[in-house]
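Just so you know, these numbers come straight off a predicted model, no measurement behind them. Quick note: residue numbers are just sequence positions, from 1.
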Amino acid sequence: MFELVGGLGIFLLGMKNMSDGMQAVAGNSLRRLISIVTNNRFMATVVGVVVTGVVQSSSITTVMVIGFVNSGVMELAQAVGVIMGANVGTTVTGWFLALKIGKYGLPLLGAAAFVYLFSSGDRWRYWAMAIMGVGMVFFGLELMKDACAIIREIPSFERAFHYFTADSYFGVLKCALVGCVLTTLVQSSSATLGITISLASQGVISYETAAALVLGENLGTTITAFVASLGATTNARRAAYFHVIFNFVGVLWITAIFHWYIDFIQSIIPGDVQRIKMVKGVETFPDTTAMIAATHTVFNLANMLLFLPFVPLFVRLLHRLAPDKGFKEKPRLTDLDVRMLETPLMAIEQSHKEVEKMGAECIKMLKWLDELRDADKPDKKLADKLKNREQVLDAMQDEIAVYVTNLLANDVPHSVADEARQQLRMADEYESISDYVANLDKFDRKLRRDGHRFSESQRAGLRELNAQAIDYVSEINEAYVQNNRSVLTKTVAMSKRLRSQIKQHRRKHMDELSGGGIPPLVSVAYLASLNAYARVRDHAENIAETVSGER
């Protein structure tokens, strides 16, 4: 029992290391893959297969998808496709375990550990982490196989396993239920697959029983996603319900034709599952790992092909199962989802989108400012809207700061940590821009309350500065979206022109002051407005420096 538990622990740690290493190495590619998911169900399914094949966990992919749906980044139809693909992608683990390299687990682990410990480059370290994970998976599997060989020699254990045999329809359902419960307990279908392969390889259970257990494991893996959807938006819960329906319906129809199904698997995978050989006086059992892997893969492929034509129908069904609520469901202003923190590369993508939104909101506020200042009468509704938007950006910055700080508290790749720190800075800069835009409107409103207004010439000057500020901030926003590192060089002329215009208007105002005729309150408000535009320019330039990597 100790050997089985220890082997399982090493196996699970190996799966985690392999997943974390592969995510870090393939990070940018994964981000691009997720971004190309469209309403095309076939493309979404392919993305689900590839992403799960890389991260080696359908649970991670499905929870990630629920996070994206919860935050509004992904539509339900897209999520359904990715979830179906994730179920196929997770079967890669079985074929991976079918490789006969168990004895090389320890050498792989040892060699990769040296690279991990003594390598200075991030990329090499994460490759080494992934290979260490591979070594641990195979070493853990060997330990579990050894433990299962001992189990077979203990009559009481062997008798216990005889209660679970897939020799009848009820027996198949009973085995599937055991697989489901076991997967729910260890929260990893890959781990229960490893245990199943270990038991089958030592003759403790038959191939038929192993196949039935594998079907139940598919059902057990839905629990993780279902739990992740609790407290999420209605759309996110629909995605989790689909994951349960997809696997539940699949298990129902495949168990109905179970014996024909396993006969089909045995016809396409060579080998005799009944044959026991004697090697040096020791009983050895047929290696059914490839058959178990095929059972897993063919089931999920067949289920996916069965469901694909009916995706629109299932989307409508999910809307009926979980109807829309008549109120705003999101309690927060941002779409950031703590579920994504388990996958740092996707989490940083979410916070990236929120910082993009802050930039777009600043542009909106600058455009509203022109309308407010040029209106003959104060527009209270628009002024309140601008003031509220500034408060929204304050709250968004707080939520981004909490989220990114929690992300940095985890063990994340250096590239993710660097980007996270940049996002913290940029959120602060955008929030500062929104403060100065709100102040610009405040100066105008205060003048109006005191019975004054900016002169036509002053309004024209401020309108010109506002237009230049909009162009400058828009160019920087676009560079951030496209990750254009040459943004500083590209916008240096705009920055200098804006600064020069501010100085020119200030000099002109000082000259006009000496001639008299400008009320002191108007003079103070105008100079304060010029200073506010200078500060907007400074903060925008700080964002450009951050995007270019100079800060």
- Message: With heavy-atom distances below 4.5 Å as the criterion, would you say the side chains of Tyr403 and Gln350 are in contact?
- Response: yes
Do His259 and Tyr169 have side-chain heavy atoms sitting under 4.5 Å apart? no
Problem - Any Val547 side-chain heavy atom under 4.5 Å of Asn484 side chain - result: no
Does Trp124 CH2 have over 12 foreign heavy atoms under 6.0 Å away?
-> no
Notebook entry, point to check: Near His414 NE2, under 6.0 Å, is it more than 12 heavy atoms from other residues, nucleotides or ligands?
Noted result: no
TODO: Run the numbers on Leu185 and Val181 for side chain to side chain contact (heavy atoms under 4.5 Å, CB included), then give the verdict.
DONE: CA-CA 6 Å; Leu185 291 174; Val181 171; 4.2 Å; yes
Thr196 and Leu182, any side-chain heavy atoms less than 4.5 Å apart:
no
Rounded to the nearest 0.5 angstrom, the OG-CG distance for Ser198 and Leu193 is 9.0 Å
Hits for ring pair (Phe, Tyr, Trp, His ring centres under 6.0 Å) against Tyr126, two or more places apart or cross-chain, chain-then-number order -> none
Distance col, row Leu318:CG vs Phe242:CZ, nearest 0.5 angstrom, shows 7.5 Å
query = Hey, is the main chain of Met291 close enough, under 3.5 Å, to the side chain of Thr295 for a donor-acceptor pair?
reply = yes
Anything under 3.5 Å between a donor and an acceptor, one on a side chain of residues 243-251, the other on a protein residue two or more places apart or in another chain? List them.
| from | atom 1 | to | atom 2 | distance (Å) |
| --- | --- | --- | --- | --- |
| Asn247 | ND2 | Asn87 | OD1 | 3.3 |
| Asn247 | ND2 | His243 | O | 2.9 |

| Would you call Leu408 and Val404 a side-chain contact if the rule is heavy atoms closer than 4.5 Å? | yes
Per side chain to side chain donor-acceptor pair (under 3.5 Å), Thr183 is matched among Thr192, Thr221, Asn218, Thr222 by Thr192
Subject >> Asn17 side chain vs Met132 backbone, donor-acceptor pair below 3.5 Å >> reply: no
Scanning both residues in full, the closest heavy-atom pair of Ile348 with Gln423 reads O-NE2, 3.2 Å
Closest heavy-atom pair, Cys175 versus Thr209, reported as atoms and distance to 0.1 Å, is SG-CG2, 3.7 Å
Residue set satisfying salt bridge (charged side-chain N to carboxylate O under 4.0 Å, His left out) with Arg421, at least two apart, ordered chain then number -> Asp418
Tyr261 and Phe299 have their tightest heavy-atom pair at OH-N, 2.9 Å
Nearest heavy-atom approach of Leu407 to Ala347 is CD1-CB, 4.0 Å
Exercise. Would you mind reporting whether Met144 and Ile197 have side-chain heavy atoms less than 4.5 Å apart?
Key: no
Between Leu306 and Pro309 the two heavy atoms that sit nearest each other are O-CD, 3.5 Å
Exercise. Which is it for Ile195 and Leu213 under the side chain to side chain contact (heavy atoms under 4.5 Å, CB included) test, yes or no, and what are the steps along the way?
Worked result: CA-CA 10 Å; Ile195 294 170; Leu213 284 169; over 6 Å; no
Salt bridge (charged side-chain N to carboxylate O under 4.0 Å, His left out) pairs touching residues 42-56, sequence neighbours excluded, are none
Q. Any donor and acceptor pair, going by atom type alone, linking the side chain of Thr91 with main-chain N or O of Val88 inside 3.5 Å?
A. yes
When every non-hydrogen atom of Ala427 is compared with those of Ile400, the smallest separation belongs to CB-CG2, 4.2 Å
Rounded to the nearest 0.5 angstrom, the CE-CG distance for Met358 and Asn477 is 11.0 Å
Worksheet entry | Ile292 side chain reached by Thr289 side chain, heavy atoms, under 4.5 Å | no
Interatomic distance, CD@Gln266 vs CG@Asp263, rounded to 0.5 Å, equals 6.0 Å
Chi angles and distances behind the side chain to side chain contact (heavy atoms under 4.5 Å, CB included) call for Leu321, Arg238 | CA-CA 8 Å; Leu321 286 175; Arg238 287 169 184 155; over 6 Å; no
Rounded to the nearest 0.5 angstrom, the OH-CG distance for Tyr116 and Leu109 is 12.5 Å
When rounded to the nearest 0.5 Å, the distance separating CD of Glu217 from NE2 of His296 is 7.0 Å
Sequence neighbours excluded, the answer for ring pair (Phe, Tyr, Trp, His ring centres under 6.0 Å) partners of Tyr480 is His352
Exercise. Run the numbers on Leu308 and Thr45 for side chain to side chain contact (heavy atoms under 4.5 Å, CB included), then give the verdict.
Key: CA-CA 9 Å; Leu308 259 178; Thr45 304; 3.8 Å; yes
Discussion item. Looking at Leu252, is its backbone amide N or carbonyl O close enough to the side chain of Thr255 to form a donor-acceptor pair, meaning the two atoms are under 3.5 Å apart?
Written reply: yes
message = I want to check something: taking the side chain as every heavy atom from C-beta on, are Leu313 and Leu317 in contact at a cut-off of under 4.5 Å?
response = no
The side chain to side chain donor-acceptor pair (under 3.5 Å) partners of Thr52 (sequence neighbours excluded) come to Thr61
